[in-house]
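Values below: every heavy atom of this structure, side chains too, minus hydrogens, waters and symmetry copies. For this chain, numbers begin at 1 and follow the sequence in order.
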Amino acid sequence: MIIRETKRMQPPSELCQETAAYFQQLEQDRDAAQDAYKHILRTMDTALAANNYALLEELIPYIESGDGQLAFQYIGKTQRFLRMLHIIALENKYRLPSFCADCDNASDMWDKYMLTLFAFRRLIFQLSDRSTEEAVVYLRSRPLSHFAAYMLTQDGRLIPDRKLYENIAAVYAQEWNPADTQQFFALAGLS
């Protein structure tokens, strides 16, 4: 029997230094990131309780270029909240029903986002007729604008294809006018 000595692969010293620097910076920024995230949640709760969509939109620059950048950098949920805020801003600009219309707080909005993604995944995989039907029932009971539907399909947890876009358009055929549907397909690169 031949016994070979195996050497542990040591990562290059540069990688070790970069990793150590990252975690040191993370430790320094931790409290500020948590404070920024708490501010985002409080502001969202206040805005949603008052249906103040302008206040929600004010969070976009706070997250993208203000103190909220640290929350965006270190707290993953902030990235999805920013996506929701962009959806709401688009809907406000075009005077469409808001993604957050049925949400009383940030937690409700988070749940709607995640459950909608889950329903979209059911449309993609179509594991059973019942699963697909449940997804359709859920989606029809919580209408989305074509902007919201498109932006949700761009979440990293989905790999949208033509069939998904067609299924979503069919689900919302009663909600969207022909121009909305056309714009949805154009956004998806299917026009």
Completion exercise
When rounded to the nearest 0.5 Å, the distance separating OG1 of Thr43 from CG of Asn52 is 10.5 Å
Exercise for the section: To the nearest 0.5 angstrom, please state how far the NZ atom of Lys38 sits from the CD1 atom of Ile75. Expected result: 9.5 Å
Handout entry: Nearest atoms (heavy-atom pairs only) where Leu56 meets Leu85
Key = O-CD2, 3.5 Å
Exercise for the section: Check whether any side-chain heavy atom of Asp104 lies under 4.5 Å from a side-chain heavy atom of Leu48, and answer yes or no. Expected result: no
Problem - Phe184 reachable from Leu190 in the ILVMFWY side-chain graph, under 4.5 Å edges - result: yes
Handout entry: Any Pro160 side-chain heavy atom under 4.5 Å of Gln154 side chain
Key = yes
Can you list, pair by pair, the side-chain donor-acceptor contacts under 3.5 Å of residues 113-127, counting residues two or more places apart and other chains?
unit_1 : atom_1 : unit_2 : atom_2 : d
Tyr113 : OH     : Asp155 : OD2    : 2.7
Thr116 : OG1    : Lys112 : O      : 2.6
Arg122 : NH1    : Ser131 : O      : 3.4
Arg122 : NH1    : Glu134 : OE1    : 2.6
Gln126 : NE2    : Leu123 : O      : 3.3

Exercise for the section: Answer whether the closest heavy-atom distance between the side chains of Ser145 and Phe99 falls below 4.5 Å. Expected result: no
Exercise for the section: Would you indicate whether the side-chain heavy atoms of Phe147 and Leu187 approach each other to under 4.5 Å? Expected result: yes
Handout entry: Stepwise side chain to side chain contact (heavy atoms under 4.5 Å, CB included) test for Glu91 and Tyr53
Key = CA-CA 10 Å; Glu91 291 168 336; Tyr53 302 139; over 6 Å; no
Problem - Short side-chain to backbone donor-acceptor contact, Thr78 and Tyr74, under 3.5 Å - result: no
Exercise for the section: Using a strict cut-off of less than 4.0 Å between a Lys/Arg side-chain nitrogen and an Asp/Glu carboxylate oxygen, indicate whether Glu133 and Arg130 qualify as a salt bridge. Expected result: no
Problem - Over 12 foreign heavy atoms within 6.0 Å of CG, Asp129 - result: no
Practice task
Could you tell me whether a side-chain N or O of Arg80 sits under 3.5 Å from a main-chain N or O of Trp110, the two making a donor and an acceptor?
Solution key: no
Exercise for the section: Check whether more than 12 heavy atoms from other residues, nucleotides or ligands sit under 6.0 Å from atom CD of Gln28, and answer yes or no. Expected result: yes
Handout entry: Stepwise ring-ring contact (aromatic ring centres under 6.0 Å, His included) check, Phe185 with Tyr165
Key = CA-CA 7 Å; Phe185 284 126; Tyr165 292 121; 7.5 Å; no
Problem - Beyond-backbone contact of Lys77 with Ile40, side-chain heavy atoms, under 4.5 angstrom - result: no
Fill in the blank from the handout: Asn105 meets the side-chain contact (heavy atoms from CB on, under 4.5 Å) criterion, sequence neighbours left out, with Asp45, Ser107, Asp108
Enumerate, atom names and distances included, each donor-acceptor pair closer than 3.5 Å involving a side-chain atom of residues 59-70, sequence neighbours excluded.
unit_1 : atom_1 : unit_2 : atom_2 : d
Glu64  : OE2    : His86  : NE2    : 2.7
Ser65  : OG     : Pro61  : O      : 3.1
Gln69  : NE2    : Glu64  : O      : 2.8

Problem - Tyr37/Phe81 under side chain to side chain contact (heavy atoms under 4.5 Å, CB included): CA gap, chis, key distance, verdict - result: CA-CA 10 Å; Tyr37 185 68; Phe81 277 130; 3.7 Å; yes
Handout entry: Atom pair CG/CE of Leu144 and Met151 - distance to nearest 0.5 Å
Key = 12.0 Å
Fill in the blank from the handout: Rounded to the nearest 0.5 angstrom, the CG-CD distance for Leu96 and Glu175 is 11.5 Å
Fill in the blank from the handout: Here the pair of heavy atoms bringing Arg140 nearest to Ala170 is NH2-O, 3.7 Å
Practice task
Report the distance from atom CG of Leu90 to atom CD of Glu57, rounding to the nearest 0.5 Å.
Solution key: 9.0 Å
Exercise for the section: Give the C-alpha distance, both sets of side-chain angles, the deciding distance and a yes or no for side chain to side chain contact (heavy atoms under 4.5 Å, CB included) between Ile88 and Met109. Expected result: CA-CA 11 Å; Ile88 294 163; Met109 203 161 76; 3.7 Å; yes
Practice task
Give, for atom CG of Asn51 and atom OG of Ser98, the distance between the pair rounded to the nearest 0.5 Å.
Solution key: 8.5 Å
Exercise for the section: On the 0 to 90° scale, with breaks at 30° and 60°, tag the Trp176-His146 ring pair as parallel, tilted or perpendicular. Expected result: perpendicular
Exercise for the section: Taking the side chain as every heavy atom from C-beta outward, state whether Ile168 and Tyr150 have any atom pair closer than 4.5 Å. Expected result: no
